[in-house]
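A short write-up of the structure that comes next.
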Amino acid sequence: MSILKLKPSCKDYLWGGSRLKEEYGKEYDGSVLAETWELSCHPDGPSYIVNGKYAGKTLQQYIDGEGKDVLGTHCRRFRDFPILTKFIDAKDNLSIQVHPDNRYALKNEGQYGKTEMWYVMDAGKDAFLYYGFKQEITKEEFEKRIQEDTLLDVLNAVPVQKGDVLFIESGTIHAIGKDILIAEIQQNSNVTYRVYDYGRIGKDGRKRDLHIEKALAVTNRVPIMKDKSSYPHVADCDYFTVDKLNLDGKVMKKMEGNVSSESFASILILDGKGTISDAEETLNFKRGDSFFLSAGAGDYTIEGSCDALITTIREKAAPVRIGIDIGGTDTKIGLVDIHQKIIVFETMKTNASRSPEEVIREIGQKALSLLEKQGIAMDQCVGAGVGVPGTIDQKNGIVRYSNNIKWENVELAKKMEEFLPIPIRIANDADCAALGEVVAGAGKECQDVIMITLGTGVGGGIVLDGNIYKGKGIGGSELGHMVIVENGEPCTCGRQGCLEAYASVPALVRDAKRATGKELSPREIFDGAQNGDSVLKEVVDLYIRRLGIGIVNVINIFRPQLVLLGGRLSGQGEMLTKPLYNIMKEGCFGGEKGELPEIEIAALGNKAGMIGAASLI
């Protein structure tokens, strides 16, 4: 069974009419039927299968049962079913609204944003809809007009008639006017920000909520050009491709199509009647019917007299970014999706004794290999971010100085572009790790985060108001190179007494060897201290005190919401965080009265740097 006839979920919004029941035969007991969700896997309104062994099941249950291959290879990039198809009967005006893009919606709503298209199936004599602004307005004017109920004065009212098509990109303010019947294909989302609703009262007896703050954040406040051509398609974007089928029953009375393994096909019958068939079966259709043809179904035929919309998913991946984390010992290369998830990653030895050119060449080759193995074309990759230890000139893409990998004035971005012909952005590796934790890890709920990475060196990443703090010059922050002991241990930067000279892995190993005469690993040192070895306990206690001094200094300057520990030594968990918190209570100005930040272990482990680097794009 490859042709599935679908039954919709029905919605009785207060502005709806009855045409979908009376003229399109939709089964519904209520008097108002505003929308039917014809092709939907959305939990707010799934569509159901009418025929075959999955009859009575939802479309999502069919996909779960048969596997995602029924959606096609072009859908692999989507976390959820990609689209939602509706019929909309607007007896009255819909609210003025706007939809967010993916990035904003995923961050704030936990689901995709919404780009959509409207095909006008029928419209009254004076019917119109709102589509963008007449002229560009400021954010302040936008907010003021919402508050003063004068927003309609600056909206672009577009007269419509049967057959008109509008493409509504996320961020476009819009509304369907009364006396219009529409077929809508959209992203699989139910996120709408309402900004004006004519003062209407909802079922609960109160005015319906407005979402002004969110709308202000996402709305495109410049006029939108209506006639964006998608020739030869009705609509075409990253999320759906829509084609129009017209059979007049005379000259054109049959269409033969093919559903490949690349994408399923959705067929929405706007008008007419006839049959749809494949090698196994023939099904009758009438206007208002909806069909799902699974990917790889092969040849099918539509015969009769009808207008229909056929929707498929084309070959275009959602933005994939490359995240590269260059460390003193290892370099990690990962592919990161729009959900800040790593699709796949690979680790290579940095081997700083090699020339920068050799290291960059190997990184570029491995990144290309990852893309190839995942079947991701280069034009589907929007860029690469690189985290590097040391002093970084982000603007010019140059590593000015990195004592950990012995690089000086290396034009990293320029050299990397020789292998990866995409935008390249670079930043300090600790900054990248901090950013990764803020966008996807332990700092997701915070805007002001300090992260200390304890590895071959000691890095420091500062995120303020959700952005990496870079300062006015090159280099950004170098928390590992604050002096905590005057004339102390020599540091790799050339100074003495830096935090890195006491809190890095080599520093801990050095101090343990001095105390015991043995070459011990960090785990052996901490295990020994925990198991009662008094010498190693003294080594660890001193290590924590020195680290605590550095952390207290940073807190007194920046007053973050959260301090995160990352890097190799952060795996010691509470052996570090508990005593460090006590040091913070004693050393931070104001103590607990000053609202001490939490101190936690970073959640993403060695993936934070890759995710943060990718977030530079």
Find out whether [X] and [Y] are in side-chain contact, i.e. whether some heavy atom of one side chain is under 4.5 Å from a heavy atom of the other.
| X | Y | result |
| --- | --- | --- |
| Leu562 | Ile450 | no |
| Gln447 | Leu464 | no |
| Asn606 | Lys332 | yes |
| Phe419 | Ile363 | no |
| Val540 | Ile525 | yes |
| Leu580 | Val563 | no |
| Pro100 | Tyr193 | yes |
| Asn409 | Val399 | no |

Exercise for the section: Go through the steps for Asp236 and Thr241 under the test side chain to side chain donor-acceptor pair (under 3.5 Å), then give the verdict. Expected result: CA-CA 4 Å; Asp236 183 46; Thr241 298; 2.5 Å; yes

Point-to-point distance, once rounded to the nearest 0.5 Å, from [atom1] of [X] to [atom2] of [Y]:
| X | Y | atom1 | atom2 | answer |
| --- | --- | --- | --- | --- |
| Ser189 | Leu84 | OG | CG | 9.0 Å |
| Asp238 | Thr115 | CG | OG1 | 9.0 Å |
| Ile326 | Ser402 | CD1 | OG | 8.5 Å |
| Glu418 | Glu411 | CD | CD | 9.5 Å |
| Lys607 | Phe345 | NZ | CZ | 5.5 Å |
| Tyr239 | Gln187 | OH | CD | 4.5 Å |

Which atom names give the shortest non-hydrogen contact between [X] and [Y], and what distance separates them?
| X | Y | result |
| --- | --- | --- |
| Tyr543 | Leu576 | CE2-CD2, 4.2 Å |
| Ala442 | Ala603 | N-CB, 3.7 Å |
| Gly436 | Leu604 | O-CD1, 3.3 Å |
| Gly171 | Val98 | C-CG2, 3.5 Å |
| Glu437 | Gly605 | OE2-N, 4.2 Å |
| Ala235 | Met117 | CB-SD, 3.6 Å |

Sidechain-backbone polar pair: [X] side chain, [Y] backbone, donor-acceptor under 3.5 Å:
| X | Y | answer |
| --- | --- | --- |
| Ser2 | Ser294 | no |
| Glu500 | Val458 | yes |
| Thr350 | Gly327 | yes |
| Thr219 | Arg221 | no |
| Arg321 | Asp337 | yes |
| His99 | Val191 | yes |
| Gln496 | Gly488 | yes |
| Asp431 | Ala427 | no |
| Asn188 | Phe81 | yes |
| Glu184 | Thr85 | no |

Practice task
Identify, with sequence neighbours excluded, every residue that meets ring-ring contact (aromatic ring centres under 6.0 Å, His included) alongside Phe526.
Solution key: none

Exercise for the section: For Arg559, look at atom CZ and say whether over 12 heavy atoms of other residues, nucleotides or ligands are found less than 6.0 Å away. Expected result: yes

Exercise for the section: Decide if atom NZ of Lys114 counts as having more than 12 heavy atoms of other residues, nucleotides or ligands within a radius under 6.0 Å. Expected result: yes

Handout entry: Distance-only polar pair, side chains of His233 and Asp243, donor-acceptor under 3.5 Å
Key = yes

Exercise for the section: Start with the C-alpha distance between His481 and Cys491, add both sets of side-chain angles, then the distance that settles side chain to side chain contact (heavy atoms under 4.5 Å, CB included), and finish with yes or no. Expected result: CA-CA 8 Å; His481 296 289; Cys491 182; 3.4 Å; yes

Practice task
Test side chain to side chain donor-acceptor pair (under 3.5 Å) on Asp101 and Ser170 and set out the steps.
Solution key: CA-CA 5 Å; Asp101 61 15; Ser170 60; 5.2 Å; no

Exercise for the section: In sequence, state the C-alpha distance, the side-chain angles, and the governing distance for Ile424 and Val386, and then conclude on side chain to side chain contact (heavy atoms under 4.5 Å, CB included). Expected result: CA-CA 7 Å; Ile424 307 291; Val386 189; 4.2 Å; yes

Exercise for the section: Please report the C-alpha distance between Val242 and Ile310 in whole Å, then the side-chain angles of each, then the deciding distance to 0.1 Å, and finally whether the side chain to side chain contact (heavy atoms under 4.5 Å, CB included) criterion is met. Expected result: CA-CA 6 Å; Val242 183; Ile310 302 176; over 6 Å; no

Exercise for the section: Examine Phe264 together with Phe292 and report whether their ring centres are nearer than 6.0 Å. Expected result: yes

Exercise for the section: Carefully, step by step, assess Asn404 and Asp429 under the rule side chain to side chain contact (heavy atoms under 4.5 Å, CB included). Expected result: CA-CA 11 Å; Asn404 285 4; Asp429 62 341; 5.8 Å; no

Practice task
With sequence neighbours excluded, give me every side-chain hydrogen bond (donor to acceptor under 3.5 Å, both in side chains) pair touching residues 359-376.
Solution key: Glu346-Lys366, Arg354-Glu362

Exercise for the section: Give me the one residue out of Ile549, Leu547, Val554 that meets side chain to side chain contact (heavy atoms under 4.5 Å, CB included) with Ile551. Expected result: Leu547

